[in-house]
**Student:** 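What follows is a structure written as structure tokens; I'll ask about it next.
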Amino acid sequence: MNSEQHTGVLKFIIHELKPKGKILTPFNVISGITILAAIVILVIRFTNGLGSVIHASQDAPWGLWINFNVITGVAFAGGAYVVTFMVYILGLEKYRPIVRATVLYALLAYMFYAGALLLDLGRPWKVINPIIGNSFGISSVLFLVAWHFILYMGSLFIEFYPTVTEWIGLKRQRKFFVSLTLGVVIFGIALSTLHQSGLGALFLMAKPKIHPLWYSEFIPILFFISSIFAGLSLVIILETIDQRVFKKSMSFVHKDSHKNIVLSLAKTCAVAIFVYFSMIVLVFLHGKNYAYLNSPWGYWYLVEIIGFVLIPGVLFMYGYRHLNLLLVRIAAVMAILGIILNRLNISTFAFNWYGNTIHFPTWMEIVVSLAVIFSQILVFRWIVRRMPVYTESPTWVKYEKQIKPIKMKTKKRREQWKVLAE
Amino acid sequence: MGIDRRNFLKVLGIAGVTLSAGKSFGTTKEKKSDVEFDGILYDSTLCVGCMSCEYACAEQYGLPDPTGEPAPGVVRKTNDTNRIVVNCYNTSKGEQFIRGACNHCNDPACASACLTKAMLKTDEGPVIWREDKCMGCRSCMISCPFDMPKFEYNSPNPKIQKCRMCYELIQEGGMPACVEICGEGALTFGKRRDLIEIARTRIYEEPEKYNHHIYGEHEVGGTGVLYLASVPFKELGFRNDLGTTSYPNFNKTFLYSVPAVLILWPAFLLGLNNSVDERKNKISKEKMN
Ligand code: SF4
Ligand code: SF4
């Protein structure tokens with residue numbers, strides 16, 4: 001690229017930075033106010049210490065920013081690894097139209113939730129310690145999760161970057177990054193498997209503190225399986241909302257396939273939920289915690305696993321069988337609530353349950369949590385309005401595609417090797 | 001299938017190597033319990049609840065003077081300004097005092113949870129917190145079965161507060177400030193193994209006086225601080241459901257499976273992808289014909 005092109009790209013980006021669309025919409029106003037309030041709260045947090053704004057205590061060290069934004073939010077970002085798995089590995093082309101949006105959503109989720117993690121760190125200026133230097137706590141689950149976050153963010157970025165190149169018009173870069181996709185997707189799925197379950201593994205050593213109905217040595221597996229339908233439920237909701245919000249710019253293929261996509265996702269969700277539910281039942285029988293069922297904690301537990309796991313599972317099934325989009329959407333919302341309940345039960349409500357206090361977050365914590373989500377949505381919208389996330393790729397991409405696909409080449413080579421080997 | 005047998009075996013081989021390498025990864029120096037750790041023996045039957053140890057500790061570390069005093073019905077807890085607490089319980093043998101602080105586990109949950117090695121089990125035995133490493137994530141607090149690391153929530157530059165068995169004093173050949181000051185002989189400093197001998201002897205010599213249990217000998221895999229009392233420890237507010245497995249063990253299955261997943265999972269996905277591709281090609285060829 002010569003300097004002329006550079007200034008061209010720069011000018012283009014500066015031009016694009018300007019907001020598009022109406023500014024004073026209710027959503028913008030509410031999110032704007034929340035974000036401003038959050039900034040004030042964060043100033044207090046950094047001058048007076050965490051205790052001045054969050055409810056964390058010596059008995060329940062993690063507040064909402066970790067327990068909700070990180071531990072719960074990351075489960076919802078799981079949609080990306082499931083959808084990329086279906087499209088790139090299983091070759092299910094029908095999900096192709098939602099790949100970019102899901103990957104973008106996940107990328108932003110990880111960026112903003114990692115940010116939330118920074119807010120909650122008592123000594124964030126030391127955050128570099130586990131990344132470079134000689135302070136590697138390799139026996140720590142959190143160490144593993146932190147590294148996987150970073151690597152996975154990189155993978156998601158590479159998966160999404162071709163969209164950016166199409167926006168700016170960087171043909172050569174696009175070709176290069178597209179050729180990385182399959183490898184990065186595979187790497188990303190492995191990383192996701194591990195850090196989704198790793199978030200559960202963070203609580204393995206808290207055995208004496210978490211209520212026995214929620215604690216089991218299988219938490220990591222349960223976290224992993226639930227991240228599948230958590231992520232997909234969120235994709236269903238995202239699809240539903242985006243079909244309205246970005247109606248004008250959505251490609252026709254996508255609009256047409258919307259119903260088909262949502263219903264197929266519902267089927268996958270139903271299967272994943274039933275696997276999850278049967279695992280929960282097995283774990284429960286294995287743990288022999290029958291006595292706890294007949295107590296307030298037991299009822300609360302039943303509310304979670306029947307009301308917000310089993311019932312959405314049935315609704316997904318039913319909605320899929322009867323091609324009922326509304327039911328599927330209701331099921332998705334319920335499944336999402338169920339995951340929020342589950343993660344917060346483990347990390348907040350049933351944590352140190354034998355103490356007499358149940359920990360509720362302060363309003364300031366909630367405002368910041370919401371602000372994090374709002375900012376994520378705002379950035380998401382900013383990008384979708386500009387880059388070809390939902391719209392068709394620019395025409396030059398189609399010509400590009402006709403140039404020999406790189407995969408064919410390796411395939412030929414592999415065949416040659418086979419011949420040589422024999 | 002895209003992956004033939006030879007490739008498959010190769011992948012298995014790599015996985016095997018990483019698996020065995022993984023054994024060294026994920027354990028916090030397992031064999032350490034065989035080493036001679038330093039420890040403290042606390043004998044509740046000798047303690048008079050004078051709080052001298054609390055004051056000595058506060059002075060040693062520049063913390064404010066302890067507040068409150070041991071009384072039945074009141075449970076004082078360690079916190080970010082107080083690393084030791086002495087409490088008083090009404091037990092089956094009358095009022096008894098009991099001291100609480102970090103137990104310096106043989107295989108500490110806090111150190112294994114720490115992603116920066118700020119919490120460190122030293123070779124000498126004390127578990128110490130290191131300011132220059134800690135990023136304040138509070139995983140150690142989540143993991144410690146005794147809820148001992150405390151966080152300064154009200155400071156912009158917060159520290160983790162917990163007993164460090166006066167590591168620096170020990171290294172100079174001294175003993176912890178609390179042991180030094182205790183005039184009643186309720187605290188004894190020494191090698192953990194010797195302390196267990198002492199505790200056993202005391203029980204043996206006065207079997208009526210003691211509850212025949214050394215708390216910390218086996219709990220959570222053994223702790224550096226050992227307790228003797230006249231009544232079951234449950235009556236003194238201790239938990240008796242913590243088990244005898246060391247807590248980092250709960251993580252091991254997960255951590256061991258990490259290298260395996262990182263190797264086998266991508267190999268499997270690649271294979272899956274290849275077979276799907278081939279099927280697709282076949283279908284499109286058939287269509288073309
Ligand atoms: S008692 Fe808690 S803080 Fe002390 S060494 Fe054991 S795990 Fe760590
Ligand atoms: S708060 Fe500090 S000492 Fe505790 S686990 Fe985190 S980094 Fe380690």
Side-chain angles (χ1 to χ4, degrees), chain A residues 46-52 54 56-59 61-62 85 88-91 117 120-127 129-130 135-144 146 182 185-187 189-191 193-194 197-198 201-209 217 220 351-352 407 411 414 418 421, chain B residues 2 4 6 25-28 77-80 109 111-119 132-139 141-145 147 150-160 239 241-243 247-248 250-251 253-255 258 261-262 265-266 269-270 272-273 276-277 279-280:
Chain A
F46 280 105
T47 45
N48 294 348
L50 267 172
S52 54
I54 76 171
S57 68
Q58 305 293 2
D59 299 330
W62 285 344
F85 171 73
Y88 293 106
I89 309 289
L90 296 184
L117 194 76
D120 198 274
L121 285 185
R123 308 162 60 79
W125 52 93
K126 295 283 183 191
V127 70
N129 271 348
S135 313
F136 286 3
I138 49 165
S139 65
S140 155
V141 175
L142 190 61
F143 177 78
L144 192 111
L182 181 66
V185 162
I186 288 180
F187 186 51
I189 294 171
L191 290 175
T193 315
L194 287 172
S197 45
L202 286 179
F203 293 99
L204 283 177
M205 283 198 284
K207 187 177 180 196
K209 305 182 193 179
E217 62 207 278
F351 194 87
N352 265 343
K407 271 194 88 188
K411 210 163 225 178
R414 203 178 312 124
K418 255 188 208 159
Chain B
D4 56 24
R6 187 185 315 222
F25 170 86
T27 48
T28 19
K77 284 185 167 178
T78 53
N79 56 37
D80 52 339
S112 124
C114 181
L115 75 172
T116 61
K117 285 210 180 136
M119 279 291 182
D132 54 327
K133 306 250 177 204
C134 173
M135 55 189 244
C137 69
R138 315 198 283 295
S139 293
M141 303 172 70
I142 294 275
S143 307
C144 168
D147 266 336
K150 305 289 167 169
F151 183 76
E152 295 180 340
Y153 280 105
N154 292 315
S155 156
N157 180 10
K159 299 184 188 65
I160 296 278
R239 293 189 69 162
D241 58 349
L242 296 178
Y247 272 53
F250 297 133
N251 280 342
T253 328
F254 176 74
L255 287 172
V258 169
V261 171
L262 273 184
W265 213 186
L269 292 173
L270 207 62
L272 191 64
N273 174 261
V276 168
D277 267 9
R279 207 182 56 214
K280 264 194 179 171

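Naming: A, B, ... by sequence-line order, numbering from 1 per chain.
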**Student:** Tell me, side chain or backbone of B:Leu242 under 4.5 Å from chain A's heavy atoms, or both, or neither?
**Tutor:**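 It is the side chain, since no backbone atom gets that close.
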**Student:** With chain A, which of B:Thr78, B:Ile160, B:Asp132 has the greatest number of heavy-atom pairs at distances under 4.5 Å?
**Tutor:**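 Sorted descending by pairs with chain A, the first entry is B:Asp132.
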**Student:** So which of B:Pro266, B:Gly243, B:Pro158 has the largest heavy-atom pair count under 4.5 angstrom toward chain A?
**Tutor:**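 The candidate making the most pairs under 4.5 Å is B:Pro158.
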**Student:** I'd like to verify something: which residue of A:Asp120, A:Leu117, A:Thr47 has the highest number of heavy-atom pairs under 4.5 Å with chain B?
**Tutor:**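 Among the listed options, the one with the most contacts to chain B is A:Asp120.
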**Student:** Within a reach of under 6.0 Å around NZ of B:Lys77, are more than 12 heavy atoms found that belong to other residues, nucleotides or ligands?
**Tutor:**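 Open.
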**Student:** Where the side chain of B:Tyr153 meets the backbone of A:Gln58, is there a donor-acceptor pair that is under 3.5 Å apart?
**Tutor:**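 No, the answer is negative, given that no donor and acceptor are paired below the 3.5 Å cut-off.
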**Student:** Given heavy-atom pairs under 4.5 angstrom as the criterion, report whether the side chain, backbone, both or neither of A:Leu202 touches chain B.
**Tutor:**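 For A:Leu202, the backbone is the part near chain B, not the side chain.
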**Student:** Just verifying a value: how many Å separate A:Asp59 CG and B:Met141 CE, rounded to the nearest 0.5 Å?
**Tutor:**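 Interatomic distance, A:Asp59 CG to B:Met141 CE, rounded to 0.5 Å: 8.0 Å.
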**Student:** Just so I know, are the side chains of A:Met205 and B:Ile142 near enough to count as touching, which here means a heavy-atom distance under 4.5 Å?
**Tutor:**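 A side-chain contact under 4.5 Å is absent here.
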**Student:** Work out which heavy atom in B:Leu115 is nearest to a heavy atom in A:Pro130; give both atom names and the distance.
**Tutor:**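 That would be O-CB, 3.5 Å.
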**Student:** Say whether, by atom type as modelled, one donor and one acceptor occur between the side chain of B:Trp265 and the main chain of A:Ile186 under 3.5 angstrom.
**Tutor:**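 No, because the side chain of B:Trp265 does not come within donor-acceptor range (under 3.5 Å) of the backbone of A:Ile186.
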**Student:** Please give me the minimum heavy-atom distance between A:Val127 and B:Met135, naming the atom from each residue.
**Tutor:**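 So the minimum-distance heavy-atom pair works out to CA-SD, 4.0 Å.
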**Student:** Just do the side chain to side chain contact (heavy atoms under 4.5 Å, CB included) check on B:Leu255 and A:Phe143 with the steps written out, would you?
**Tutor:** CA-CA 11 Å; B:Leu255 287 172; A:Phe143 177 78; over 6 Å; no
**Student:** Please assess A:Leu204 against B:Thr253 for the test side chain to side chain contact (heavy atoms under 4.5 Å, CB included), listing each intermediate value before the final yes or no.
**Tutor:** CA-CA 11 Å; A:Leu204 283 177; B:Thr253 328; over 6 Å; no
**Student:** Is B:Asn154 close to chain A through its backbone or its side chain, or both, or neither, when contacts mean heavy atoms under 4.5 Å?
**Tutor:**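 Answer is both: backbone and side chain atoms of B:Asn154 are under 4.5 Å from chain A.
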**Student:** Is a donor on one side and an acceptor on the other found under 3.5 Å between the side chain of A:Asn129 and the backbone of B:Lys133?
**Tutor:**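 Yes, because the side chain of A:Asn129 sits within donor-acceptor range (under 3.5 Å) of the backbone of B:Lys133.
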**Student:** Side chain, backbone, both or neither: which part of B:Phe254 has an atom under 4.5 Å from a heavy atom of chain A?
**Tutor:**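 When you check distances to chain A, only side chain atoms of B:Phe254 fall under 4.5 Å.
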**Student:** Highest number of heavy-atom pairs under 4.5 Å with chain A: which of B:Ser155, B:Ser143, B:Ala118?
**Tutor:**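 With the most close heavy-atom pairs to chain A, the winner is B:Ser143.
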**Student:** Restricting to non-hydrogen atoms, name the atom on A:Lys209 and the atom on B:Cys144 that form the minimum distance, rounded to 0.1 Å.
**Tutor:**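 A:Lys209 and B:Cys144 have their closest heavy atoms at NZ-O, 2.8 Å.
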**Student:** Give, as side chain, backbone, both or neither, the part of A:Ser57 having an atom under 4.5 angstrom from any heavy atom of chain B.
**Tutor:**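 Just its backbone gets close to chain B.
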**Student:** Measure distances from A:Pro220 to the heavy atoms of chain B and classify the residue's part below 4.5 Å as side chain, backbone, both or neither.
**Tutor:**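 Interface part for A:Pro220: side chain.
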**Student:** With a 4.5 angstrom heavy-atom cut-off, could you sort out which part of B:Cys134 is near chain A: side chain, backbone, both or neither?
**Tutor:**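 Looking at B:Cys134, backbone and side chain both touch chain A.
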**Student:** Given that the side chain runs from C-beta out, which part of A:Asn48 has a heavy atom under 4.5 Å from chain B: side chain, backbone, both or neither?
**Tutor:**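 For A:Asn48, backbone heavy atoms alone lie under 4.5 Å from chain B.
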**Student:** Do you know which two heavy atoms are closest between B:Phe151 and A:Gly122, and how far apart they sit?
**Tutor:**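 Closest approach of B:Phe151 to A:Gly122, heavy atoms only: CZ-CA, 3.6 Å.
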**Student:** Testing the basics here: between B:Arg138 and A:Pro61, what is the closest heavy-atom pair and its distance to 0.1 Å?
**Tutor:**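 The pair with the smallest heavy-atom distance is NE-O, 2.9 Å.
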**Student:** Assess the residue pair A:Glu217 and B:Phe250 against the criterion (side chain to side chain contact (heavy atoms under 4.5 Å, CB included)); give the C-alpha distance rounded to whole Å, side-chain angles, the decisive distance to 0.1 Å, and a yes or no.
**Tutor:** CA-CA 7 Å; A:Glu217 62 207 278; B:Phe250 297 133; over 6 Å; no
**Student:** Any donor-acceptor pair under 3.5 Å linking the side chain of A:Lys207 with the backbone of B:Pro145?
**Tutor:**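 Checked: no pair found.
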**Student:** Given the rule in the side chain to side chain contact (heavy atoms under 4.5 Å, CB included) test, do B:Leu272 and A:Phe85 qualify, once you have shown the distances and angles that lead to the verdict?
**Tutor:** CA-CA 10 Å; B:Leu272 191 64; A:Phe85 171 73; 4.0 Å; yes
**Student:** Mark yes or no for whether B:Asn273, through its side chain, and A:Tyr88, through its backbone, hold a donor-acceptor pair below 3.5 Å.
**Tutor:**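 At least one qualifying donor-acceptor pair exists.
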**Student:** What part of B:Arg239 lies closer than 4.5 angstrom to a heavy atom of chain A: side chain, backbone, both or neither?
**Tutor:**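 Contact with chain A: side chain only.
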